[in-house]
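In what follows, residues are counted from 1 in the order of the sequence shown. Because the structure is predicted, anything quoted here is derived from the model rather than measured.
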Amino acid sequence: MSVFLEAKDVVKSFDGVEILKGIGVSVSQGDVVAILGPSGSGKTTFLRCLNFLERADSGTLTFDGITYDLHNATKKEITAVRKKTAFVFQNYNLFLNKTVLENVTQGLIYGSKMNRHDAIAIAKNVLQRVGMSDKLDSYPSQLSGGQQQRVAIARGLANSPEIIYFDEPTSALDPELIGEVLQVMRQLAEDGMTMLVVTHEMEFARNVSSKVIFMDGGSIIESGPSKEFFAAPKMERSRDFIRTILASRE
């Protein structure tokens with residue numbers, strides 16, 4: 001399977017502290033890459049740099065055969081990348097004064113200049129995919145956290161992205177709501193959607209992702225096929241992390 005997204009030598013510092021130390025990732029179409037690691041290891045920063053939500057200090061991104069400078073990319077180049085990607089945030093980032101349907105159609109109508117009729121048809125379709133067809137006229141304040149996150153996923157799907165970035169999509173949810181979001185993500189994986197997922201959900205990483213990247217201290221400590229990583233992690237730091245996370249779930 002050919003590589004269609006590759007990041008190399010990504011470096012990022014905040015206030016003189018190096019958060020990313022020249023790391024990278026290679027993603028093939030249909031891959032689900034779980035990015036694991038302790039808090040503060042640079043996982044979210046890495047994800048944000050790949051979508052230009054943060055400007056890396058240096059590094060390159062090759063996407064769909066085009067290579068971009070992660071520090072010096074132009075606005076036009078950034079727009080070109082973002083048209084092919086979606087980003088699902090920890091805290092949903094929905095418009096609180098818009099209905100579920102409006103939250104999904106806004107980007108299509110105002111960002112993609114789509115006519116309202118077509119935007120509504122697409123929005124209804126993606127909301128059905130995430131099990132939110134019965135909440136079209138509801139406002140975010142009337143929804144559970146899991147429902148809000150499913151709307152956020154639908155909003156990402158509406159633009160037919162080639163890859164979706166998930167930044168700890170279940171971390172803000174009550175435990176009983178996590179499953180409904182993971183089920184949507186599992187279905188997306190089965191449908192062949194390419195995803196990079198920062199997560200602490202070990203069962204999702206073990207059973208749904210195809211590849212794991214384990215980060216600590218701004219470096220990639222270990223990476224490889226998910227089944228191999230969980231069956232026999234090569235690095236002691238990886239083994240410690242898995243034991244700690246699984247013990248905290250018991």
Peer 1: As a quick check of understanding, evaluate side chain to side chain contact (heavy atoms under 4.5 Å, CB included) for T60 and D9, giving each step before the final call.
Peer 2: CA-CA 7 Å; T60 61; D9 305 319; 5.8 Å; no
Peer 1: Ignoring hydrogens, what is the shortest heavy-atom contact between T194 and G30? Give both atom names and the distance.
Peer 2: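 That would be OG1-N, 2.7 Å.
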Peer 1: Assess the residue pair E162 and R82 against the criterion (salt bridge (charged side-chain N to carboxylate O under 4.0 Å, His left out)); give the C-alpha distance rounded to whole Å, side-chain angles, the decisive distance to 0.1 Å, and a yes or no.
Peer 2: CA-CA 10 Å; E162 295 182 23; R82 288 184 179 164; over 6 Å; no
Peer 1: Side chains of V81 and T85, heavy atoms from C-beta outward: is any pair under 4.5 Å?
Peer 2: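 V81 vs T85: side chains touch.
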Peer 1: Validate the cation-pi geometry between K12 and F14: distance from NZ or CZ to the six-membered ring centre under 6.0 Å, angle to the ring axis within 45°.
Peer 2: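 Yes, K12 sits over the ring of F14.
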Peer 1: Kindly indicate whether the side chain of P140, heavy atoms from C-beta on, has any atom under 4.5 Å from the side chain of N103.
Peer 2: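 Result yes, sub-4.5 Å side-chain heavy-atom pair found.
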Peer 1: Given R237 and D240, is the salt bridge (charged side-chain N to carboxylate O under 4.0 Å, His left out) satisfied, shown in steps?
Peer 2: CA-CA 5 Å; R237 182 67 187 91; D240 286 345; 5.3 Å; no
Peer 1: Salt bridge or not between R116 and E102? Use side-chain N to carboxylate O under 4.0 Å.
Peer 2: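 No.
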Peer 1: Are the aromatic rings of F63 and F4 close, with centres under 6.0 Å apart?
Peer 2: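 So the answer is yes for these two rings.
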Peer 1: Please find the pair of heavy atoms, one from M185 and one from M195, that lie closest to each other, and give the distance.
Peer 2: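 Of all heavy-atom pairs spanning M185 and M195, the closest is O-CE, 3.4 Å.
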Peer 1: Could you tell me which non-hydrogen atom of A158 sits nearest to which non-hydrogen atom of L108, and how far apart they are?
Peer 2: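 Heavy-atom minimum between the residues: O-CD2, 3.7 Å.
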Peer 1: Under the side chain to side chain contact (heavy atoms under 4.5 Å, CB included) criterion, do F87 and R48 qualify, and how do the steps go?
Peer 2: CA-CA 9 Å; F87 200 103; R48 290 174 65 87; 3.9 Å; yes
Peer 1: Using a 4.5 Å cut-off on heavy atoms from C-beta on, say whether the side chain of I242 contacts that of F229.
Peer 2: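 Of all side-chain heavy-atom pairs linking I242 with F229, at least one is under 4.5 Å.
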Peer 1: Is the backbone of P225 close enough, under 3.5 Å, to the side chain of E228 for a donor and an acceptor to pair up by distance?
Peer 2: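 Looks like no, no N/O pair under 3.5 Å.
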Peer 1: Whether the side chain of E222 engages the backbone of M235 through a donor-acceptor N/O pair (distance < 3.5 Å, no angle test) should be reported.
Peer 2: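 Yes, E222 side chain to M235 backbone: donor-acceptor pair under 3.5 Å.
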Peer 1: Does Q187 offer a backbone N or O that forms a donor-acceptor pair with the side chain of E190 under 3.5 Å?
Peer 2: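 Checked: no pair found.
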Peer 1: Of L127, V184, V126, which meets side chain to side chain contact (heavy atoms under 4.5 Å, CB included) against I153?
Peer 2: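 Passing option: V184.
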Peer 1: Does the side chain of L70 come within less than 4.5 Å of F52's, by heavy atoms?
Peer 2: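 Yes; the side chains approach each other to less than 4.5 Å.
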Peer 1: Any sub-3.5 Å donor-acceptor pair from N207's side-chain atoms to E203's backbone N or O?
Peer 2: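 Side chain of N207 to backbone of E203, a donor-acceptor pair under 3.5 Å: yes, one is there.
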Peer 1: Can you confirm whether D118 sits close enough to N115 that some side-chain heavy atom of one is under 4.5 Å from a side-chain heavy atom of the other?
Peer 2: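 D118 reaches N115 side chain to side chain.
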Peer 1: Counting only N and O atoms by type, is there a donor-acceptor contact under 3.5 Å from the side chain of R55 to the main-chain atoms of A73?
Peer 2: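 Yes; at least one donor-acceptor contact below 3.5 Å.
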Peer 1: Under a 4.5 Å side-chain heavy-atom rule over Ile, Leu, Val, Met, Phe, Trp and Tyr, are Y68 and L20 clustered together?
Peer 2: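 Y68 clusters together with L20.
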Peer 1: Stepwise, does the side chain to side chain contact (heavy atoms under 4.5 Å, CB included) test hold for L173 with T170?
Peer 2: CA-CA 5 Å; L173 300 179; T170 60; 4.2 Å; yes
Peer 1: Hey, is the main chain of Q90 close enough, under 3.5 Å, to the side chain of D167 for a donor-acceptor pair?
Peer 2: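 No.
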Peer 1: Taking K211 for its side chain and S26 for its backbone only, find out whether a donor-acceptor pair lies under 3.5 Å.
Peer 2: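 Yes, K211 side chain to S26 backbone: donor-acceptor pair under 3.5 Å.
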Peer 1: Hey, mind stepping through L61 and L5 against side chain to side chain contact (heavy atoms under 4.5 Å, CB included) and telling me if it holds?
Peer 2: CA-CA 7 Å; L61 173 71; L5 183 145; 3.9 Å; yes
Peer 1: Looking at S209 and V212, would you say the former's side chain and the latter's main chain have a donor-acceptor pair under 3.5 Å?
Peer 2: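 Such a contact is absent between S209 side chain and V212 backbone.
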Peer 1: For a side chain to side chain donor-acceptor pair (under 3.5 Å) check, start with the C-alpha distance between N159 and S112, then their side-chain angles and the critical distance, and finish with the verdict.
Peer 2: CA-CA 8 Å; N159 282 306; S112 301; 3.3 Å; yes
Peer 1: Run the numbers on K21 and E18 for salt bridge (charged side-chain N to carboxylate O under 4.0 Å, His left out), then give the verdict.
Peer 2: CA-CA 6 Å; K21 301 177 179 178; E18 197 170 44; 5.3 Å; no
Peer 1: Can a donor-acceptor pair be found, under 3.5 Å and without considering hydrogens, that links the side chain of T62 to the backbone of G65?
Peer 2: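 Not at all, since once roles are kept as given, no pair shorter than 3.5 Å links the two residues.
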